[in-house]
Amino acid sequence: MSVFTPVTESELADWLRNYAIGRLENLQGISAGVQNSNFFVTTSLGRYVLTLFETMPRAELPFYLHLMAHLARHGLPVPAPVANRDNEYLGTLSGKPAVLVARLSGKSEMNPGAAHCRRIGAMMAGLHLAGVNFGRKQANPRNADWRRDCARRVRPHLSAYEQAELDAELVFQAGFDLNKLPQGVIHADLFRDNVLWDGEFVGGVIDFYFAGVDALLFDVAVTVNDWCADADGRLDPTLTSALLEGYAESRPFTAAERAAWPAMLRAAALRFWLSRLEDFHRPRAGEMVLVKDPGEYRRILGQRATDTALPALPA
Ligand SMILES: Nc1ncnc2c1ncn2[C@@H]1O[C@H](COP(=O)(O)OP(=O)(O)O)[C@@H](O)[C@H]1O
Ligand SMILES: N[C@@H](CCOP(=O)(O)O)C(=O)O
């Protein structure tokens, strides 16, 4: 988690006067997450999550909030944002843009089996299909342009050996055009810790603050890299097949996507190696700040670049 900006109970109680959700009963900082400041909020009428956006431009936030509202309206277990008495989702608290969303039930499963992976594949296809008629557009904030820029920022902090790996991957990715693949709204960070399980069902998909329009296959690759890798970063064929089949039942893959799959797994691994390097080498100040291991995604990237038997997309 992270709490970068503290909020006091009296500040929040005052802020909640502009909502119709009762009076504040409890406020608790959340230690998971790396991007924003998050708090569990209990009022006399329900349970919510308060997010203070630390670095994201205010103008980009309505895309995420309306996307969550749109997906919730389509029956997906996504936290619906709460409107205030001015009928706005987005407010300001402690000087930061702030939103309350519904707190969903369940907990993350960090050791998923094939049944979990199949359901996550199906859930992601549901998100992609429901996104088709979402009216707003905003680019994936961690797209290929961002990856090139971030590589320039972190490169001076790397060893000569890591610099060579990074340079080689950027050359490889420069020859790969994701824009030719089917595009749509993607979650882009559908890691195990962003899914809450309620028994065998998905009780919640959270953390849409990296969502945007990009190749749908990028989302699949991000998700497979996290859900289906073993301790060495190698893809487990059973878990991978389950996830891909669960997805393809609702949205079959195209021939172009099948051809792009190995390169896309590398692009997705590169994205998280870079963001973790940036968080590691250029950390932000905060009260409780979680920094994830960049080495994990360096290993995953190396594995995807050298594995000659990667599980293929289903025909
Ligand atoms: N709507 C929600 N319902 C239940 N728990 C939530 C919800 N949103 C966030 N959380 C909890 O807060 C943690 C951090 O949220 P996350 O969105 O991942 O943070 P960040 O935006 O900093 O990446 C999650 O791991 C989860 O435990
Ligand atoms: N999933 C990313 C980090 C993004 O942080 P989140 O807590 O917002 O999911 C990673 O593992 O590097």
Side-chain angles (χ1 to χ4, degrees), residues 1-5 21 26-42 46-56 60-61 64-65 67-69 71-72 76-82 89 96-110 140-142 146-147 150 154 186-198 202-212 218-219 221-227 229 233 268-281 283-284 286-301:
M1 124 163 138
S2 307
V3 169
F4 302 94
T5 303
I21 57 172
N26 192 261
L27 167 67
Q28 193 192 332
I30 307 177
S31 64
V34 298
Q35 249 204 114
N36 301 307
S37 296
N38 292 297
F39 305 83
F40 289 129
V41 172
T42 307
R47 300 193 318 154
Y48 306 89
V49 171
L50 168 69
T51 298
L52 267 56
F53 299 98
E54 294 293 338
T55 56
M56 300 166 71
E60 293 178 8
L61 298 175
Y64 305 111
L65 305 181
L67 175 61
M68 290 193 281
L71 296 172
L76 297 166
V78 169
V82 178
Y89 292 140
K96 299 280 165 66
V99 67
L100 277 169
V101 301
R103 179 172 173 181
L104 300 176
S105 57
K107 61 184 179 56
S108 298
E109 173 56 72
M110 300 310 282
N140 169 12
R142 299 288 180 263
W146 176 88
R147 295 195 282 279
C150 185
V154 300
I186 64 170
H187 181 286
D189 187 25
L190 196 53
F191 277 49
R192 288 162 294 168
D193 60 0
N194 283 332
V195 174
L196 307 175
W197 292 90
D198 194 359
V202 177
V205 176
I206 61 171
D207 203 0
F208 278 81
Y209 305 123
F210 286 118
F218 183 77
D219 220 7
V222 166
T223 308
V224 163
N225 277 340
D226 181 66
W227 286 78
L270 174 65
R271 175 259 182 265
F272 288 98
W273 186 31
L274 287 169
S275 60
R276 287 182 178 197
L277 282 170
E278 183 147 67
D279 290 343
F280 185 81
H281 291 293
R284 287 183 283 152
E287 219 176 59
M288 304 161 70
V289 179
L290 174 74
V291 175
K292 295 186 174 176
D293 175 22
E296 181 186 3
Y297 265 83
R298 179 177 169 224
R299 284 191 295 281
I300 290 179
L301 176 57

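In listed order, ligands and their atoms are each counted from 1. Sequence positions, counted from 1, serve as the residue numbers for this chain.
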Is it the case that the side chain of [X] and the backbone of [Y] share a donor-acceptor pair, with hydrogens and angles ignored and the cut-off at 3.5 Å?
{"X": "W227", "Y": "L190", "answer": "yes"}
{"X": "N194", "Y": "D189", "answer": "yes"}
{"X": "S37", "Y": "T5", "answer": "yes"}
{"X": "S108", "Y": "V195", "answer": "yes"}

Which ligand 2 atoms does [X] reach within 4.0 Å, using its non-hydrogen atoms?
{"X": "D207", "result": "6 (P), 7 (O), 8 (O), 9 (O)"}
{"X": "F191", "result": "1 (N), 10 (C), 11 (O)"}
{"X": "F210", "result": "4 (C)"}
{"X": "R276", "result": "10 (C), 11 (O), 12 (O)"}
{"X": "N194", "result": "9 (O)"}

Among residues at least two apart in sequence or on other chains, which ones pass side chain to side chain donor-acceptor pair (under 3.5 Å) with R192?
D226
Using the test side chain to side chain donor-acceptor pair (under 3.5 Å), find all partners of D198 that sit at least two apart in sequence or belong to another chain.
S105
Crowded around F280 CZ? As in, over 12 foreign heavy atoms under 6.0 Å?
no
Any nitrogen or oxygen of D189, side chain or backbone, less than 3.5 Å from one on ligand 2?
yes
Within-cut-off N or O pair, L196 and ligand 1, under 3.5 Å:
no
Using a 4.0 Å heavy-atom threshold (strictly under), name the region of N38 that reaches ligand 1: side chain, backbone, both or neither.
side chain
Before you tell me yes or no, could you show the steps for T51 and Y209 under side chain to side chain contact (heavy atoms under 4.5 Å, CB included), namely the whole-Å CA-CA distance, both residues' side-chain angles and the distance that decides it to 0.1 Å?
CA-CA 11 Å; T51 298; Y209 305 123; 4.3 Å; yes
Short list, please: which atoms of ligand 1 are under 4.0 Å from a heavy atom of [X]?
{"X": "D193", "value": "25 (O)"}
{"X": "R103", "value": "3 (N), 4 (C)"}
{"X": "P79", "value": "1 (N)"}
{"X": "N194", "value": "18 (O)"}
{"X": "A102", "value": "1 (N), 2 (C)"}

So, is the end of the R271 side chain (NZ or CZ) under 6.0 Å from the ring centre of F218 and within 45° of the ring's axis?
no
S105 touching ligand 1 at heavy-atom level, < 4.0 angstrom:
no
Does F40 come within less than 4.0 Å of ligand 1, judged by its heavy atoms?
yes
Do V99 and L65 have side chains that approach each other closer than 4.5 Å (heavy atoms only, starting at C-beta)?
yes
